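To keep things clear, I will list the structure first and then write my remarks on it.
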Protein chains: 2
Amino acid sequence: MPTDLSVFQYQLTLSFLNLTTVLMAGAGLLLILLRPKVGPAYQAAVSLMIVVVLMAALYYLRIYNDWEAGYAFANGAYAPSGAPLNNAYRSADWIGTVPLILSAMVLVLDLGRIKSRSLVTRLAGSAVAMIATGFIGDQQGDLTLRALWGAIAMLPFFYIVFVLWGELSRVLKLETVAVQGLFNSLRWLLLVSWSVYPVVYALPLFGVNGANVTVAVQIGYSLADLSAKVAFGLLLYAIAVEKTNDYAQSSPRQAEASLKR
Amino acid sequence: MPTDLSVFQYQLTLSFLNLTTVLMAGAGLLLILLRPKVGPAYQAAVSLMIVVVLMAALYYLRIYNDWEAGYAFANGAYAPSGAPLNNAYRSADWIGTVPLILSAMVLVLDLGRIKSRSLVTRLAGSAVAMIATGFIGDQQGDLTLRALWGAIAMLPFFYIVFVLWGELSRVLKLETVAVQGLFNSLRWLLLVSWSVYPVVYALPLFGVNGANVTVAVQIGYSLADLSAKVAFGLLLYAIAVEKTNDYAQSSPRQAEASLKR
């Protein structure tokens with residue numbers, strides 16, 4: 001149920017939505033400009049992250065407009081205008097971008113073609129199942145049904161985290177110390193930023209609501225999206241550059257082989 | 001006749017229209033970024049698909065705006081605002097993009113210049129005839145006239161599917177196993193996604209209407225467009241990359257000859 005927001009609460013939310021839009025667009029442009037520094041083997045991974053952040057920027061434009069239309073200023077505060085907010089935008093963004101994020105991650109792991117394809121299929125399939133069941137749960141007015149669908153959505157969530165953590169641990173041993181450090185940051189970033197989503201989803205289950213929660217949900221989702229897309233994308237780019245340079249410093253024959261992968 | 005939509009029905013439709021816009025734009029950007037991986041012989045085919053998805057993204061922006069203007073929120077539901085929805089947008093999109101999609105497909109078949117030109121002329125001409133007659137049928141209030149024009153539109157539809165299926169079967173034998181598999185996916189994708197359009201067109205003939213059908217038509221067209229453009233474009237890109245790499249691995253003389261085609 002939408003409640004009145006103070007001018008500060010309303011402006012803070014819109015500012016965060018706009019900040020997120022601009023940082024997504026900025027990160028996309030930066031990665032387009034820096035992409036030539038990455039070797040051919042990692043071009044596809046960086047390209048996927050460029051598409052992810054720019055698609056998210058388009059979504060945040062819509063979410064911003066939706067919020068503007070959802071509230072009207074009257075008597076010193078912002079009251080719901082009557083036009084319902086469209087929470088499906090976020091799910092629609094995620095269902096398109098999360099499989100691409102997971103694919104980009106697999107591409108920088110250098111697992112070989114067959115292994116990569118199998119991993120991408122399993123992870124992307126799980127991601128779609130996770131987001132679809134979470135979306136269904138989010139539409140339920142009944143809290144028991146919300147909890148039930150949320151629990152179902154957590155199964156593919158844990159599967160993704162478990163598989164990626166395992167793959168990363170195995171592959172890490174083959175990399176240089178610098179790349180190991182970057183991958184370690186990447187997996188913690190993934191775990192922490194992804195953990196925000198179920199927490200935000202669970203808030204109504206604990207009876208937490210009101211104006212402050214409405215604002216906190218928008219800011220929480222914005223920060224989680226910035227971590228899981230912008231920070232993740234820049235870290236993935238750093239890994240790609242590091243690996244490109246490692247191969248360039250190794251023998252020409254090795255470098256050639258690695259570029260062909 | 002437009003009917004009232006629930007908040008969920010309205011938001012789901014707008015979310016799908018927006019998701020389609022974003023995925024079309026995202027696919028266009030991804031193909032622009034990945035295009036250098038494709039040899040000179042297939043640059044034109046990939047470029048055509050980039051133009052197709054970006055043109056479709058612009059159309060979906062219009063369809064989204066049209067829907068926003070077509071409904072107004074009142075008493076807990078979305079009622080038709082009185083401004084009629086413009087169904088001509090989809091036909092206008094198709095009449096521009098379908099001939100380009102068919103041309104792109106012919107270009108990756110490597111049929112030689114004269115054969116390709118003749119095939120493109122026949123297929124593009126049939127596509128224009130199919131979409132124009134389908135559009136005329138869609139404007140008819142009278143169901144008998146709708147059925148009649150629909151039947152006329154099915155003639156070029158079957159001609160296109162028949163010719164492409166035949167050409168693909170003939171050419172497939174000359175390709176590597178990997179390319180054969182991709183072409184096989186491509187023709188099934190074409191057949192299945194194109195089949196959605198006549199089904200949606202025929203719904204009013206069977207007396208199927210109401211709010212759920214209004215929503216299903218928009219979602220059905222969006223999914224069909226995503227399959228016929230985004231999935232088709234990415235698959236066509238995969239074929240182009242596979243064929244480029246095949247030629248690069250053959251002798252330099254062969255590779256040079258193939259790139260000149």
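A note on names: the letters A, B, ... follow the listed sequences, proteins ahead of strands, and every chain is numbered from 1. None of these values were measured; they are calculated from a predicted model.
- With rounding to the nearest 0.5 Å, the separation of CD in B/E68 from CG in A/N65 is 8.0 Å.
- Within residues 130-143 of chain A, the residues having any heavy atom less than 4.5 Å from a heavy atom of chain B are, in residue-number order, A/F135, A/Q139.
- The salt bridge (charged side-chain N to carboxylate O under 4.0 Å, His left out) pairs that include a residue from residues 75-104 of chain B are B/R90-B/D225, B/D93-B/K229, where partners are two or more places apart or lie in different chains.
- Scanning both residues, A/P84 and B/F73, for their nearest heavy atoms gives CG-CE1, 3.6 Å.
- Among the residues in residues 94-105 of chain A, those with a non-hydrogen atom closer than 4.5 angstrom to a non-hydrogen atom of chain B are A/I95, A/G96.
- Heavy-atom distances place the side chain of B/F8, and not its backbone, under 4.5 Å from chain A.
- Using a 4.5 Å cut-off between heavy atoms, B/Y10 does not touch chain A at all.
- Contact detail for B/L61 and A/R62: the closest heavy-atom pair is CD2-NH2, 3.7 Å.
- With a 6.0 Å radius and a threshold of 12 heavy atoms from other residues, nucleotides or ligands, B/L174 has its CG atom above the threshold.
- Using a 4.0 Å cut-off between charged nitrogen and carboxylate oxygen, A/R113 and B/E242 count as a salt-bridge pair.
- Contacts between residues 17-38 of chain B and chain A, counted as heavy-atom pairs separated by less than 4.5 Å, involve B/N18, B/L19, B/V22, B/L23, B/A25, B/G26, B/L29, B/L30, B/L33, B/L34, B/K37.
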